[in-house]
Amino acid sequence: MKLRSLTLTWSLAITLAAVLVPFYWLVVAATHSTQEIFRTPPPLVPGGHLLDNLESLQEKAGFGRVVLNSLGIATVYTLLAGTVCTLAGYGFAKFRFRGREPLFGLLMLGLVIPAQVTLVPLFRLMAELRWLDTYQAVLLPNLALPFGIFLMRQSMAALPDELLDSGRVDGCGELRLFLRVALPPMRPALAALAIFLFLFQWNEFIWPLIVLRDDASLTIPVALASLQGVDDTDYGAILAGTAIAALPMSALFLALQRHFVSGLLAGAVKE
């Protein structure tokens, strides 16, 4: 028993180190110049170039504006996509209609189709709508995210039908039934969905790179990629920007971590 406990402890310690050590080095490297980052051995303690890197980041990429762009886009996307995924999951879980299962199976095919396959038709559609270089072009194509709908459908399926039927008997309308009866027990699943959606949009690179052309509207991943030159790359500034980009996601996860695991487990419930 002691051997098993010791093995588990060391396994967890190694896993924790594998997660935290790269993040620690990212923070340390953000305080060093490019020359110091690539010296041998690499720096393991904070340096004195953080302000220089932040100044370079602001000068070359307008990083303050870029952070606000990403925060706004990710927040609006989380709210809109969360609403769409929750309503769709509720509909698939609690309404019986012809073709429900084939339609849900067709939707789940989106989980196995590479996103790159849809880039060209989506780009042509955005061009026809004259939405290129607009935020709606970034937000709208991925609102009905298959994984989000699947998570909410599985979570809603665990909600007793008798609870909804009793609300209908009392004269509760469908919208009020959804808001007052179905949603409150779904808080853990909604928290997990919010983290997933925010992380998805916060880290999205390919699609914003294609549709956003104005430097004033770029998101963090695209702006950081623009700092990579052929002959000269300021890695200190890039790593400082990467460290800053990790802060909102870490804060969101810490705020919602109590509900995150239980929300994912709720998504595993079967009808």
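Because only heavy atoms are used, hydrogens play no part in the values below, and waters and symmetry mates are left out as well, while side chains stay in.
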Could you tabulate the donor-acceptor pairs under 3.5 Å formed by side-chain atoms of residues 209-219, not counting sequence neighbours?
from : atom 1 : to   : atom 2 : distance (Å)
D214 : OD1    : A216 : N      : 3.2
S217 : OG     : D133 : OD1    : 3.4
S217 : OG     : D214 : O      : 3.0

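- L44 and Y24 make their closest contact through O-OH, 2.6 Å (heavy atoms, listed as atom of the first residue, atom of the second, distance).
- Within the 3.5 Å criterion, the main-chain N or O of V28 finds a donor-acceptor partner in the side chain of T31.
- Between L125 and W131, the closest side-chain pair of non-hydrogen atoms is not below 4.5 Å.
- L224 is listed as a side-chain neighbour of F63, based on a closest heavy-atom distance under 4.5 Å.
- Rounded to the nearest 0.5 angstrom, R39 CZ and S33 OG are separated by 8.5 Å.
- At least one side-chain heavy atom of L159 sits less than 4.5 Å from a side-chain heavy atom of L164.
- Using a 4.5 Å heavy-atom threshold, the side chains of F150 and C85 count as separate.
- Across every non-hydrogen atom of W207 and A137, the tightest pair is NE1-O, 2.7 Å.
- Taking D161 as the reference, K94 meet the salt bridge (Lys or Arg N to Asp or Glu O under 4.0 Å) condition, with sequence neighbours excluded.
- If you chain together ILVMFWY residues whose side-chain heavy atoms come under 4.5 Å of each other, L8 ends up grouped with L12.
- Put simply, V117 and F200 are part of two different groups of oily side chains (I, L, V, M, F, W, Y) that touch within less than 4.5 Å, one to the next.
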Do L122 and L119 pass the side-chain contact (heavy atoms from CB on, under 4.5 Å) test, and can you show the C-alpha distance, the side-chain angles, and the key distance before you say yes or no?
CA-CA 5 Å; L122 275 178; L119 292 180; 5.6 Å; no
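- Annotation: salt bridge (Lys or Arg N to Asp or Glu O under 4.0 Å) contacts of D234 (sequence neighbours excluded): K60.
- Under the 4.5 Å side-chain heavy-atom criterion for Ile, Leu, Val, Met, Phe, Trp and Tyr, L163 and L175 are members of the same hydrophobic cluster.
- Side chain of W202 to main chain of L197: no donor-acceptor pair is present (N/O by atom type, distance under 3.5 Å, no hydrogens or angles).
- Nearest approach of A17 to P22, heavy atoms of both residues: O-CD, 4.0 Å.
- With contacts defined as side-chain heavy-atom distances shorter than 4.5 Å, the pair N142/L145 qualifies.
- L199 and I220 fall within the same hydrophobic cluster, where Ile, Leu, Val, Met, Phe, Trp and Tyr residues are linked whenever their side-chain heavy atoms come under 4.5 Å apart, directly or through other members.
- Around atom CD of E55, no more than 12 heavy atoms belonging to other residues, nucleotides or ligands sit under 6.0 Å away.
- A distance below 6.0 Å separates the ring centres of F95 and Y90.
- Without hydrogens or angle criteria, E36 side chain to P43 main chain gives no donor-acceptor distance under 3.5 Å.
- The distance between the ring centers of Y235 and F38 falls below 6.0 angstrom.
- Considering CD of Q136 and CG of L139, their distance stands at 8.0 Å, rounded to 0.5 Å.
- Inter-residue side-chain proximity for M152 and F147 is flagged as unmet; no heavy-atom pair is nearer than 4.5 Å.
- Tracing side-chain contacts under 4.5 Å through hydrophobic residues (I, L, V, M, F, W, Y), one never reaches F23 starting from V45; they form parts of separate clusters.
- Under the 4.5 Å side-chain criterion, counting only non-hydrogen atoms from C-beta, M156 is in contact with L183.
- Residues passing the salt bridge (Lys or Arg N to Asp or Glu O under 4.0 Å) test with D165, sequence neighbours excluded: R168.
- Closest approach of L107 and P146 over heavy atoms only: O-CB, 3.8 Å.
- A heavy-atom distance below 4.5 Å is found between the side chains of F92 and F97.
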Without placing hydrogens or testing angles, list every side-chain donor-acceptor pair under 3.5 Å for residues 47-54, not counting sequence neighbours.
from : atom 1 : to  : atom 2 : distance (Å)
H49  : ND1    : D52 : OD2    : 3.4
N53  : ND2    : A30 : O      : 2.7
N53  : ND2    : H32 : O      : 3.0
N53  : ND2    : H49 : O      : 3.3

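- No side-chain donor-acceptor contact under 3.5 Å links S70 to the backbone of V67.
- Going from atom OG1 of T78 over to atom CZ of F196 covers 11.0 Å, rounded to the nearest 0.5 Å.
- Counting all heavy atoms, side chain and backbone alike, R180 lies closest to P184 at O-CG, 3.4 Å.
- Here the OG1 atom belonging to T233 is positioned 6.0 Å from the CD atom belonging to Q228, to the nearest 0.5 angstrom.
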Take I37 and W25 through the side-chain contact (heavy atoms from CB on, under 4.5 Å) test and state the conclusion after the steps.
CA-CA 10 Å; I37 291 173; W25 189 86; 3.8 Å; yes
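- Under the 4.5 Å side-chain heavy-atom criterion for ILVMFWY residues, no single connected hydrophobic cluster contains both L239 and V222.
- For the atom pair CG of L227 and OG of S56, the computed distance is 7.5 Å after rounding to the nearest 0.5 Å.
- In terms of heavy atoms, F205 sits closest to A225 at CE1-CB, 3.6 Å.
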